[in-house]
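All figures in this text were calculated on a predicted structure; none of them were measured in a lab. Every heavy atom of this structure was used, including side-chain atoms; hydrogens, water molecules and symmetry mates were not.
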Amino acid sequence: MTLSRQINAEKVLAASHEHAKRTGRTSALHLLEKEHKTEENSHPDYGTTELPKYKIPHDGTTADIAYELIHNELSLDGTPVLNLASFVHTHMTPQADKLMMENLSKNLIDSDEYPATTLIHTRTVSMLASLWHADDKERGTGTATTGSSEAIQLAGLAMKKRWQERMRAAGKDEYRPGPNIIMGANAQVALEKFARYFDVEMRLVPVDESTNYVMSPERAMQYVDENTIGVFVILGSTYTGAYEDVKGMCEKLDEYEAKTGTSIPVHVDGASGAFVAPFATPKLVWDFRLPRVVSINTSGHKFGQAYVGVGFVVWRDSAHLPKDLVFELHYLGSVEYSFSLNFSRPAHPIIGMYYNMLKLGFDGYRKVSLNNAKNARLLARALENSKYYTVVSDLHKPVASSLTAKATHAVGLSDDIEHYTPSLPVVAFKFSDEFKKEFPSIKQRSIQTLLRAKNWIVPNYELPPNVENVEILRVVVREQFSEELVERLVFDIVEVTEDLIKEAKSKIPAHEREPEHGDNQKAHEKISNGHGKGERQASKHGEGIRPTGHDSVC
């Protein structure tokens with residue numbers, strides 16, 4: 001048995017304390033009280049005492065006062081549900097909120113300390129690999145990230161490292177002329193960051209109206225050579241919501257390999273689309289069913305319906321994730337493996353993501369995706385039927401090869417998403433040519449400003465390089481953007497547009513003015529024109545467009 005020695009804990013603590021008296025005895029009770037006592041600096045003259053905003057105050061304040069100061073200032077932010085500019089999800093259930101709050105303090109990297117959390121991370125990655133048709137034999141490998149930006153950096157690094165290995169094995173110079181990566185000019189800034197941060201030449205493929213403002217596989221092949229580490233293909237352009245042709249890009253690269261012997265991989269940037277396409281259009285082939293697709297990323301905080309701060313990247317197998325990039329960690333209690341741009345990260349976003357997957361299931365995600373698409377098509381049609389706008393997005397356009405869709409479109413509107421062009425539920429639109437010709441003085445950015453006054457956040461911005469002379473307004477249709485809100489938005493867009501028209505006409509000399517075309521009601525009636533049987537009719541009730549008959553809007 002181990003021998004023990006008596007210790008006077010009170011004396012030891014007294015001698016160890018920074019403020020212990022040199023003489024006399026300090027009671028243990030006093031030491032404990034002093035250690036745990038909370039001293040609050042109250043401000044009875046709150047409202048007159050100023051607290052600095054750009055440096056730490058000399059004296060703090062109470063928790064209640066600090067809360068009120070910050071809470072009141074944050075009330076000036078926009079309303080999340082009316083923020084139609086963002087792809088980021090803004091609402092989860094009370095149960096999800098509770099679950100995430102309970103795990104707010106957990107660090108995902110501490111897998112030995114939080115084994116259950118680590119298991120949930122593993123399950124979530126496995127669910128995504130299965131959703132994207134990774135082969136069980138290949139055993140997809142992946143990790144959670146803080147979002148798609150980090151995920152893309154990791155995927156790009158893996159492709160760069162494999163290219164370097166290939167160059168060294170062939171006895172070729174990996175530094176001159178150096179690696180390059182190919183992406184469309186419509187690429188989100190995160191893709192450009194990878195190239196700039198990690199010294200890879202970025203080759204932007206021009207886009208224009210003829211390519212639907214996304215990268216064309218045919219054009220992309222003009223930029224491919226043996227130093228190409230891979231091609232970023234975007235499943236859901238942030239500009240218009242259009243999907244790039246993943247399958248077509250893979251087929252072109254297959255032909256290139258057959259001619260040159262050089263294999264170039266594809267990474268799919270599915271920041272938004274990888275949580276839409278599998279549910280809305282499961283027949284669309286874009287994922288690991290294509291052998292050339294080596295990795296996919298997504299943002300759980302977009303159409304995965306989690307709060308901001310969670311993304312994922314998955315490789316079809318571990319062979320496409322070079323070992324040089326994976327670190328072994330031996331100081332957390334066991335051997336762990338890590339591939340990330342940072343170390344510590346909160347675990348609660350992954351827990352929230354896992355909760356969504358369990359709660360919604362495949363059918364739940366599909367229902368949300370179909371409803372988003374239906375509402376987006378309603379908005380697109382209404383804007384075009386107003387005659388004031390042209391919709392750049394094509395989510396409401398029948399698939400060209402679908403005879404059924406064409407026939408259905410001729411007599412009425414189908415609610416079968418397979419009849420429409422696969423796309424994100426994003427509506428990008430601009431003034432119609434007729435409108436610009438009639439009212440050249442009206443600036444499209446004024447629509448953004450006037451809608452903001454009605455609490456709507458709808459961005460107006462330029463299209464990618466080569467078509468930057470074209471400005472578009474864009475609405476992202478998310479789960480909380482209901483049909484009622486779509487209808488309200490249409491009325492507000494029409495109203496602010498007609499206010500601008502009246503203002504423009506008031507500046508025209510009286511003898512040059514054309515006869516008035518009626519009040520807003522006539523403009524609203526334009527929304528219902530051109531639809532097939534069962535379309536909605538405009539109604540002036542202040543609550544939006546009312547249905548007449550059965551619901552066959554989309």
Anything under 3.5 Å between a donor and an acceptor, one on a side chain of residues 171-179, the other on a protein residue two or more places apart or in another chain? List them.
{"unit_1": "K172", "atom_1": "NZ", "unit_2": "E226", "atom_2": "OE1", "d": "2.7"}
{"unit_1": "D173", "atom_1": "OD1", "unit_2": "Y175", "atom_2": "N", "d": "2.7"}
{"unit_1": "D173", "atom_1": "OD1", "unit_2": "R176", "atom_2": "N", "d": "3.4"}
{"unit_1": "E174", "atom_1": "OE1", "unit_2": "R168", "atom_2": "NH1", "d": "3.2"}
{"unit_1": "E174", "atom_1": "OE2", "unit_2": "R168", "atom_2": "NH1", "d": "2.9"}

Under the salt bridge (Lys or Arg N to Asp or Glu O under 4.0 Å) rule, what pairs show up with a residue in residues 266-288, not counting sequence neighbours? D287-R289
Please collect all ring pair (Phe, Tyr, Trp, His ring centres under 6.0 Å) contacts where either partner lies in residues 198-229, sequence neighbours excluded, each pair once. F194-F198
With ring pair (Phe, Tyr, Trp, His ring centres under 6.0 Å) as the rule and sequence neighbours excluded, what pairs involving residues 244-270 come up? F232-H267
Can you sort out the partners of E257 under side chain to side chain donor-acceptor pair (under 3.5 Å), two or more places apart, ordered by chain and number? R292
Is the shortest side-chain heavy-atom distance between I472 and Y461 below 4.5 Å? yes
Set of residues satisfying side chain to side chain donor-acceptor pair (under 3.5 Å) with respect to Y307, sequence neighbours excluded: D97
Determine all donor-acceptor pairs shorter than 3.5 Å in which one atom belongs to a side chain in residues 234-241; sequence neighbours excluded.
{"unit_1": "S237", "atom_1": "OG", "unit_2": "Y239", "atom_2": "N", "d": "3.2"}
{"unit_1": "T240", "atom_1": "OG1", "unit_2": "A242", "atom_2": "N", "d": "3.4"}

For the atom pair CD1 (I350) and CG (L108), what is the distance rounded to the nearest 0.5 Å? 5.0 Å
What residues, two or more places apart in sequence or in another chain, satisfy side chain to side chain donor-acceptor pair (under 3.5 Å) together with T146? E150
Counting only pairs under 3.5 Å, give me each side-chain donor-acceptor contact of residues 317-325, with atom names and distances, residues two or more places apart or in other chains.
{"unit_1": "D317", "atom_1": "OD1", "unit_2": "A319", "atom_2": "N", "d": "3.0"}
{"unit_1": "D317", "atom_1": "OD1", "unit_2": "H320", "atom_2": "N", "d": "3.3"}
{"unit_1": "D317", "atom_1": "OD1", "unit_2": "H320", "atom_2": "ND1", "d": "2.8"}

With sequence neighbours excluded, give me every salt bridge (Lys or Arg N to Asp or Glu O under 4.0 Å) pair touching residues 457-482. none
What's the separation between atom CG in N460 and atom CZ in F429, rounded to the nearest 0.5 Å? 9.0 Å
How would you list, by chain and number, every residue that makes a side chain to side chain donor-acceptor pair (under 3.5 Å) with S105, sequence neighbours excluded? none
Is the backbone of G304 close enough, under 3.5 Å, to the side chain of Y365 for a donor and an acceptor to pair up by distance? yes
Let me confirm one number: the CG-NZ distance from D254 to K247, rounded to the nearest 0.5 Å. 11.0 Å
Scan for salt bridge (Lys or Arg N to Asp or Glu O under 4.0 Å) pairs involving residues 202-218, sequence neighbours excluded, and state none if there are none. E201-R203, R203-D225, D208-R219
